[in-house]
Protein chains: 2
Amino acid sequence: MDDIDRRILAHLLREARASFQEIGAKVGLSAPAVKRRVDKMVASRQITGFTAMVNPAALGWKTEAYVEVYYRDNISPADLRRSLERIPQVVGVWTIAGEADALVHVIATDMAEIESTVERIRENTRVGRTRSSIVMSRILERPRT
Amino acid sequence: MDDIDRRILAHLLREARASFQEIGAKVGLSAPAVKRRVDKMVASRQITGFTAMVNPAALGWKTEAYVEVYYRDNISPADLRRSLERIPQVVGVWTIAGEADALVHVIATDMAEIESTVERIRENTRVGRTRSSIVMSRILERPRT
DNA sequence: CGTGAAAGTCCAGAACT
DNA sequence: AGTTCTGGACTTTCACG
């Protein structure tokens with residue numbers, strides 16, 4: 001991972017559908033060279049994939065929340081994942097050090113769906129209390145460079 | 001935005017570099033038809049762009065935190081954005097309803113950098129207290145379908 | 001809103017510096 | 001590491017249903 005790789009990555013973060021040729025022109029490399037570098041970054045899991053960024057509001061996902069979860073006892077990351085990945089409204093889960101044990105990102109079409117999703121999270125018997133913060137507006141969101 | 005659009009979008013969320021032809025084969029449309037639909041979704045800002053997903057750990061971004069910020073008085077979203085967007089370690093900001101006023105996602109190379117970034121957030125005189133949660137592990141992270 | 005065909009562009013691998 | 005070359009695939013525009 002040298003400086004050219006970083007410039008290629010920066011380009012892909014901004015425009016993931018750019019052609020290798022186009023990227024090559026910017027960084028001063030031929031298209032095959034760029035492809036080889038990108039393939040390598042994907043193979044080494046530095047790049048984990050390419051995705052579209054969507055405007056949730058334009059798609060009916062009007063409501064979003066971050067839910068802190070406190071567990072009664074220790075829970076393994078694997079168990080945590082198993083219990084939450086089947087809930088489609090859960091789009092992110094992180095274990096945290098601080099007051100709570102885990103932070104869960106929930107996205108839904110309306111408030112009622114947020115509520116029922118939090119209920120589903122609570123169904124796990126090991127969950128103690130939860131503390132939800134409803135997102136009012138996205139101020140800033142940028143891909144990590 | 002009909003069902004075919006949703007299937008195209010789902011495909012792009014999974015693999016943003018897929019060719020229009022490939023997507024067309026999955027949804028039963030020709031490549032030009034797919035391109036027109038994608039162009040339309042981009043033009044209408046339902047799709048806001050295409051980006052690479054990176055593995056922060058593989059890139060030296062070892063440390064991540066979510067910081068809740070409590071303000072002394074009301075702050076406008078525009079002011080909030082202005083004060084935080086110049087801090088490069090800040091990758092996400094949302095205003096929230098709950099206990100705190102804003103949730104700030106911070107990503108850094110090490111703990112010291114997290115600390116100094118939180119310090120920078122606190123420099124704004126209107127910030128009251130902050131409450132940080134350090135991310136220990138990413139359990140689940142998926143694009144919204 | 002769809003298709004099919006044109007021309008231009010790009011990809012992906014091979015061969016070579 | 002990098003390049004150039006090449007056959008085949010893809011994108012993109014356009015005319016048309």
Side-chain angles (χ1 to χ4, degrees), chain A residues 1-62 88 109 141-145, chain B residues 1-62 88 107 109-110 141-145:
Chain A
M1 160 75 33
D2 60 7
D3 199 59
I4 296 178
D5 279 344
R6 267 184 284 274
R7 287 171 62 200
I8 292 172
L9 182 55
H11 205 94
L12 287 170
L13 285 167
R14 238 181 308 115
E15 181 46 67
R17 285 182 70 84
S19 71
F20 294 130
Q21 230 170 255
E22 186 187 331
I23 300 168
K26 303 264 183 182
V27 304
L29 242 52
S30 67
V34 174
K35 176 176 160 43
R36 278 220 291 253
R37 281 168 174 267
V38 172
D39 286 348
K40 195 175 291 181
M41 287 191 275
V42 171
S44 66
R45 314 269 316 149
Q46 293 171 319
I47 293 176
T48 57
F50 300 95
T51 191
M53 292 181 288
V54 301
N55 178 353
L59 284 165
W61 268 265
K62 294 196 193 64
T109 55
E141 211 159 343
R142 58 183 164 209
R144 316 83 163 97
T145 311
Chain B
M1 161 77 29
D2 60 7
D3 199 59
I4 296 178
D5 279 344
R6 266 183 286 274
R7 286 172 62 201
I8 292 173
L9 182 55
H11 205 93
L12 287 171
L13 286 167
R14 234 178 314 113
E15 181 46 65
R17 284 183 71 85
S19 71
F20 294 131
Q21 222 169 253
E22 185 188 330
I23 300 167
K26 302 265 182 180
V27 303
L29 244 52
S30 67
V34 174
K35 176 176 162 40
R36 275 223 293 251
R37 281 169 174 268
V38 173
D39 286 348
K40 194 175 291 179
M41 287 191 275
V42 171
S44 66
R45 316 267 318 148
Q46 293 171 319
I47 292 175
T48 56
F50 300 95
T51 191
M53 293 181 288
V54 300
N55 178 353
L59 283 164
W61 268 266
K62 294 196 193 68
I107 190 161
T109 54
D110 56 30
E141 211 159 341
R142 58 183 164 208
R144 316 83 164 97
T145 313

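Quick note on labels: first sequence line is chain A, next is B, and so on, each numbered from 1.
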Kindly give the heavy-atom pair with the smallest separation between A:L59 and B:Q46, and that separation in Å. CD1-O, 4.3 Å
Please report the closest heavy-atom contact between A:V34 and A:G24, naming both atoms and the distance. CG2-CA, 3.5 Å
Hey, could you give me the CD1/CG distance between A:I4 and A:L9, rounded to the nearest 0.5 Å? 13.5 Å
Nearest-Å distance once atom C1' is located in both D:dG17 and C:dA7: 23 Å
Base-paired stretches in DNA chain C with three or more consecutive Watson-Crick or G-U pairs, both distances under 3.5 Å, amount to C:2-5 with D:13-16, C:7-17 with D:1-11
Listing, residues 12-20 of chain A side-chain donor-acceptor contacts under 3.5 Å, not counting sequence neighbours, or none:
{"residue": "A:E15", "atom": "OE2", "partner": "A:R17", "partner atom": "N", "Å": "3.1"}
{"residue": "A:R17", "atom": "NH1", "partner": "B:A16", "partner atom": "O", "Å": "2.6"}
{"residue": "A:R17", "atom": "NH1", "partner": "B:A18", "partner atom": "O", "Å": "2.9"}
{"residue": "A:R17", "atom": "NH2", "partner": "B:A18", "partner atom": "O", "Å": "3.3"}
{"residue": "A:S19", "atom": "OG", "partner": "A:E22", "partner atom": "N", "Å": "3.1"}

Assign a letter to each nucleotide of nucleotides 5-17 of chain D from its 5' end: B, base within under 4.0 Å of a protein heavy atom; S, sugar-phosphate only; -, no contact. -----SBBB----
Kindly write out the residues that satisfy side-chain contact (heavy atoms from CB on, under 4.5 Å) with [X], not counting sequence neighbours, or none if the list is empty.
| X | result |
| --- | --- |
| B:T48 | A:M53, A:N55, B:R45 |
| A:S30 | A:P32, A:A33 |
| A:A25 | none |

Does anyone know the first and last nucleotide of DNA chain C in reach of chain A, 5' to 3', at under 4.0 angstrom to a heavy atom? C:dC10 to C:dG13
Considering only heavy atoms, which members of residues 41-55 of chain A lie under 4.0 Å from some atom of DNA chain D? none
N/O (side chain, A:S30) to phosphate O (OP1/OP2, D:dT3) under 4.0 Å: yes
For residues 35-43 of chain B, tabulate all N or O donor-acceptor pairs below 3.5 Å that involve a side-chain atom, not counting sequence neighbours.
{"residue": "B:K35", "atom": "NZ", "partner": "B:D39", "partner atom": "OD2", "Å": "2.7"}
{"residue": "B:R37", "atom": "NH1", "partner": "B:D2", "partner atom": "OD1", "Å": "3.0"}
{"residue": "B:R37", "atom": "NH1", "partner": "B:D2", "partner atom": "OD2", "Å": "3.4"}
{"residue": "B:R37", "atom": "NH1", "partner": "B:D5", "partner atom": "OD1", "Å": "2.7"}
{"residue": "B:R37", "atom": "NH2", "partner": "B:D2", "partner atom": "OD2", "Å": "3.3"}

